[in-house]
Amino acid sequence: MTNNAIKNFWANLKREKLLAVTNIIVITVSFLLLGVFLSIVFVSQSTLKYLENQAQVTAFFKDDFTEENILNVKEGLEQDERVLQIDYISKEAAFKLFTELNKDEPVLIESISADILPASLEIKTKDVDDLATLASELAAVDGVEDVKFFEDVVEKFKSVSTVAYIIGIALVVMFLIISYSVVLATLRTTITSKGTELEIQRLVGASDAYIKTPIILQALFYGVISGVLASVVLVSLGIVLSGSGLFGNGLLVPFLPNTAIPFSLFSAVISVLIIVSGIVLGYLGSATAVRKYLKY
Amino acid sequence: MSQIEFKEVTKKYEDVVALDKVTFQIDRGEFVFLIGPSGAGKSTLIKLLIREDVPTSGEVLFDNINVSLVEKKAIPELRRRIGVVFQDFKLLDSKTVFENVAIATEVVGCPDDVKCELVPNVLNMVGLLGKKDRFPYQLSGGEKQRVSIARALAHEPDVLIADEATGMIDPQSSSEIMEILERINLLGTTVLMATHNDAIVNKLKKRVVKMDKGAIKSDKRGATYDE
């Protein structure tokens, strides 16, 4: 019966070449749009995550607080699980930065020396929500003269990025539903167009397996071929974008702390998702559509 | 012993009673006309026999097997023993006459050599061997119905059911179809034919089961349409 099913599957495919090509094009385009859309949403979420990670607290130290003491504070903070990154900016480094920022104002540069500028620690947290607490904790640390933390900006960014995350997830879910619906509708239409043939097969005594196996094979074929074609395009796109250096440091994974993956790996993951979708949708779509012709 | 037996069969579709305590038997090799107006219950009766549907109560027996209790996986086997010819032919326009008949052999996994021997035989029986490569749209209504009969015969069924088989064809073609059905019956196949065609019933003078409003009104041998 398996040989018969494969034979019938090939016979159907050869007889319906144009339909097969059309189905593969429609499903490939749906998968491709899904892949591109997922990539856009992921990249934008990753960018938000990157910007979020740039928010920092700066603790300025008193002039009489020695570099050794500051480095001790730094060492203590490095043990803190909330801290993502911590940089020590010495008086000299601060002056160098100041000089660079004000290179067009020589009078201003001449009037200031490295001694005037305070040494500081710039602290980034894994979670932007921890910035405010950390800022107040730092203010109480011995030797700290001032703590700068752009609370308003961070709060505003937090609310904007939360909305962007929610919209991103909603769009992904919506586009998954749309593209999956298009694929399922395409497969169902193909099967419904064979309704009379399936009905006749049933009336002349065909077993359920005889009727449904070629249909399921055909739908799986459409799903897998389309998934592979869409994946080839997406992976190629991923390789080109990775090569361009646009995502040189990789993409930060939203909801995972400090985790970055290369763009090409991201494309590969999306491709696997699409091929698996092709297999699952092909099987489920055809098995459920053919069921109505097998009712007794 | 009866080949087909309906015992107190009732079929309801929600509040509509399609069959009401129908009881009758058909012996092996009989030719039976099932007559009555539209909605009398003829098609429902046929559906129950080929297990397209199950009765609300009562039993439908085929060779002493309760058809409604047949397991799902055994239904195809039952349908191979009961050939059905429909009013609307149920042919595939994209397949030739040969291919349309061959469907019946393919579904049981017949090897190609058996198919190539069997299909021409049944096409010869209905007088269409010369048109085996034609498509349905190239045939008359009567010829299409003959293809449908050939397909039903491919399994060498014990029973042939003709559901309004002459309903969409001209009198001359109807007459040819009846000749074929009679010939098949003479070879030992039981024939059950649901029809509105009084001329055919009157000409053949076979057993006539008359139905109305889901019940059997009369059951006579050698009868005419209005008896």
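Chain letters run A, B, ... following the sequence lines, proteins first, then strands; residues in each count from 1.
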Give, for atom OH of A:Tyr210 and atom CG of A:Leu198, the distance between the pair rounded to the nearest 0.5 Å.
10.5 Å
Is it the backbone or the side chain of A:Ile200 that comes under 4.5 Å from a heavy atom of chain B, or both, or neither?
side chain
Salt bridge B:Arg146-B:Glu176, side-chain N to carboxylate O under 4.0 Å:
yes
Ion pair A:Lys194/A:Glu16, N-O distance below 4.0 Å:
yes
Heavy-atom pairs under 4.5 Å with chain A - which of B:Glu77, B:Lys95, B:Lys73, B:Arg81 has more of them than the others?
B:Lys95
Determine whether B:Thr190 and B:Asp158 satisfy the following criterion, side-chain hydrogen bond (donor to acceptor under 3.5 Å, both in side chains), listing intermediate values before the conclusion.
CA-CA 6 Å; B:Thr190 307; B:Asp158 298 326; over 6 Å; no
Engaged part of B:Leu78 at the chain A interface, taking heavy atoms whose separation is under 4.5 Å:
neither
